[in-house]
Each structure stands twice: as C-alpha cells, then as structure tokens.
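This is a predicted model, so every value here is computed, not measured.
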Amino acid sequence: MKNRSGPTALEKRIKRRVTGRDHPFFAVTLPGLETLCRRELAALPVDVQHLKVEKGGVSFHARVHAGYAANLHLRTASRILMRIHRFRAAAFGHMEKHILDFPWELFLYAGQAFALKVSSSHSRLIHTTAIAQRFEKGIAKRLTAHPGLPAPQENRPADQKIVVRGVDDRFTVSIDSSGAPLYKRGLKTGGGKAPLRETFAAAALALAGFTPPCVLADPMCGAGTFSLEAALIASRIPPGWYREFAFTGWPCYRPGRWTHLRRAAAKLIHIPESPAIFASDSDPDAIERLQAIVARSDLGPAIQVQCRDFFALSP
C-alpha cells in the first residue's frame, strides 16, 4: 500500500526484511509423500534452494513469492509454512522475551485475528496451552507498542494461523501460507462415503505414471477424487487454481506477483478436446454431485461421467 507521500517506514521494513529476503519454508506432506513433494518443488517455475526431505515434509529456502507458487502448483503437499522465528527457551521468562522482541508487525496487520497451533516434545516447556497463552499475550503487547499496517478496507485479510513447534527446548515459529489444507482444491463441497484426500490421489496417480495424454478409467469413482485430480493433471490446471490462500492476507503480499504467476500458469492450461477421464459409479447421487462439479468447472471436455454399474461395463 502506498500513499501520496510514498512508502511508510514500516512498509520499507517489510520490503527489506520480508519481501526482499530468502526465507526457510516447510512443505507439509502426508507420511510417505515427501520424495514426491521434493520432485514437485524442484520443478516449480521459481527459484527454490536447499531442498531437503525431512520427516513429514520438505524444507527449502526461497523468496516469499516462491511460497505463492508452491501453494498454486504442489499436488502432494498438505500446506506450506514459512518459518519466521527460532529461539531456545527452557523457562517461560525467556520465551516471553523472545516473543516480545520479535517484529510481529511485519507479518500481521493491525488488529488482524490469528489462531495458534502449538506442539512441544522433549522440552522443559511442554504445556501447550500455557505456551499459547504466552504467545497470544506477547503478540498483542508487541502490536500495541508497534502497530502493524492498517488492513485494506476493500479486501479485508483473512485470519492467520501461527504454528509453534518445540523440540529439545528449541522452538520454531511459522506462519501458515495456505489457510485451508491444500487437499481442498476448491472444486468439491463435500466428500463421499469413504472420502480420499486429493493429495493422496495425486500421489497415487504420480506413482502409477499418469501423465497427459494418458487415459484413466475410474469405474467406481464415488465422490470422484481420482477422476477430478486426473482431469486437472490432464488439463495442466494447477491444483490451487480454484481456491484462495492465507498469504493474500499478509502485509508483504504483492498482488502483481500473484497475478503474474497465475497468468504464466494459465498459458500452460490445455483442456483435452475429447474425454481422457472416464468416471462411473452405480450411486446416482454421487454421480449427480460429480456432474455438478464438472459443470461449474473448466473440466467438462476432459472428463466423462456416467451412472453405470461396474459389472455392466465392457472393456
């Protein structure tokens, strides 16, 4: 945000310390999907460095806009965390000082609501509720003394989530750039009787070697998770194309950079002229819901949906 007199001192700090620097990120995955996620990160259309497979995800270093791209393009990640602070504390007094000294005004708007997710193990400070209370009070006190930027009135930013993880008295503080879990692609409004996460479906398709112009038969499609994910892949539509993200509510968010990434992705989208995905199920309600999803998306030409019994299908 710029006014007539130019950027404020706080805006300059945000540009220098947040937008203009590399940051450590962590792409959270389901157990076993870390290697697939690393492969996806290496193929992102932005510069990412120091990719490292860890338990439960992949760490990497990049600029903030690489976090935008990771949310837009990664099919096997559950969420993208930007690590913003690390400190060691064996007593609550030490923790409170670290919280108060941290420049929260660079990451949160004035008055912006936030939620905390805290975990701690093998540490002297293990009471997660007490840790969360210290963070809530400390962040509020810091932002009272050093107010953040005023939230834009035309597009009020969403609430943010701050993740605190303690191991061996060392605490890592992250801000969640995704918001809703990334398996929520923005296509389905509800699951079927035995719901399957889209991230798992994407991993299964990748391990099976499904790439355009492959054809997929999904004769017991249920809610259509495999079929919809395959249709996105066949159409070269990024998995985050239809949804919103928490990073658009950050003070460092640059709409122009996000628009550029989406425009670049749009140039690669290619909807097949004839169906590449054949989805069917004997449940008429499930098929009706899937047909409605396909109708309100761009996937119509790529996927054929029918109410058919598996045993009545002919190869």
Side-chain angles (χ1 to χ4, degrees), residues 13-31 33-74 76-89 94-95 98-99 101-108 114-123 131 135 138-139 142 148 160-179 181-182 199 240 245-254 257-258 261:
R13 286 178 63 209
I14 291 171
K15 183 176 181 180
R16 183 174 67 253
R17 297 186 58 178
V18 184
T19 313
R21 293 184 180 179
D22 280 6
H23 297 274
F25 284 85
F26 189 71
V28 182
T29 70
L30 291 170
L33 305 190
E34 296 93 342
T35 302
L36 284 173
C37 184
R38 187 194 185 284
R39 185 191 308 169
E40 288 190 282
L41 278 163
L44 285 180
V46 290
D47 183 35
V48 296
Q49 301 176 10
H50 309 300
L51 291 166
K52 182 181 178 182
V53 171
E54 301 180 17
K55 184 179 180 180
V58 184
S59 61
F60 62 99
H61 284 70
R63 295 290 178 95
V64 173
H65 66 267
Y68 303 175
N71 279 286
L72 178 63
H73 289 283
L74 296 186
T76 56
S78 300
R79 64 177 65 252
I80 309 298
L81 303 177
M82 187 168 81
R83 290 167 167 166
I84 58 176
H85 191 29
R86 285 190 176 96
F87 62 88
R88 187 181 185 280
H94 295 152
M95 173 174 282
H98 283 290
I99 296 169
D101 289 344
F102 185 72
W104 296 101
E105 65 274 13
L106 303 183
F107 300 93
L108 295 170
F114 62 90
L116 281 162
K117 181 180 180 181
V118 179
S119 64
S120 182
S121 61
H122 306 291
S123 300
I131 293 171
F135 268 88
I139 294 172
R142 171 76 191 198
Q160 297 295 311
K161 179 186 288 184
I162 296 169
V163 180
V164 180
R165 183 170 182 263
V167 179
D168 297 326
D169 295 332
R170 291 176 173 83
F171 291 84
T172 300
V173 184
S174 306
I175 187 166
D176 176 16
S177 70
S178 303
L182 293 179
T199 45
F245 301 99
F247 64 74
T248 61
W250 291 0
C252 69
Y253 170 60
R254 296 294 177 263
R257 177 70 76 167
W258 177 231
L261 286 169

(request) Report the distance from atom CG of L33 to atom CG of L74, rounding to the nearest 0.5 Å. (result) 12.0 Å
Residue pair [X] / [Y], side-chain heavy-atom distance below 4.5 Å:
X: L106; Y: I84; answer: no
X: I175; Y: F114; answer: no
X: R170; Y: R86; answer: no
X: R39; Y: L36; answer: yes
X: F60; Y: R38; answer: no
X: R165; Y: S121; answer: no
X: H85; Y: F171; answer: no

So which heavy atom on [X] is nearest to which on [Y], and how close?
X: G179; Y: R79; value: O-NH1, 3.0 Å
X: L182; Y: F245; value: CD2-CE2, 3.7 Å
X: A89; Y: H94; value: CB-CB, 4.1 Å
X: V46; Y: H65; value: CG1-CD2, 3.9 Å
X: A66; Y: L44; value: O-CD1, 4.4 Å

(request) Using the side-chain contact (heavy atoms from CB on, under 4.5 Å) rule, take E40 and H73 through it: C-alpha gap first, then chi angles, then the decisive distance, then the call. (result) CA-CA 8 Å; E40 288 190 282; H73 289 283; over 6 Å; no
[X] side chain to [Y] backbone, donor-acceptor under 3.5 Å:
X: R254; Y: C252; answer: yes
X: S177; Y: I80; answer: yes
X: W104; Y: I99; answer: yes
X: E34; Y: V58; answer: no
X: Q160; Y: L108; answer: no
X: S123; Y: D168; answer: yes

Does [X] have more than 12 heavy atoms from other residues, nucleotides or ligands lying within 6.0 Å of its [atom1]?
X: R83; atom1: CZ; answer: yes
X: R257; atom1: CZ; answer: no
X: R88; atom1: CZ; answer: yes

Listing, residues 18-29 side-chain donor-acceptor contacts under 3.5 Å, not counting sequence neighbours, or none:
residue : atom : partner : partner atom : Å
D22     : OD1  : R63     : NE           : 3.1
H23     : NE2  : V18     : O            : 2.6
H23     : NE2  : R21     : O            : 3.4

(message) Name the residue from K52, H50, E54 that meets the side-chain hydrogen bond (donor to acceptor under 3.5 Å, both in side chains) definition with S59.
(response) E54
(request) Compute the ring centroids of F107 and F102, then answer whether they are less than 6.0 Å apart. (result) yes
(request) On the 0 to 90° scale, with breaks at 30° and 60°, tag the F247-Y68 ring pair as parallel, tilted or perpendicular. (result) parallel
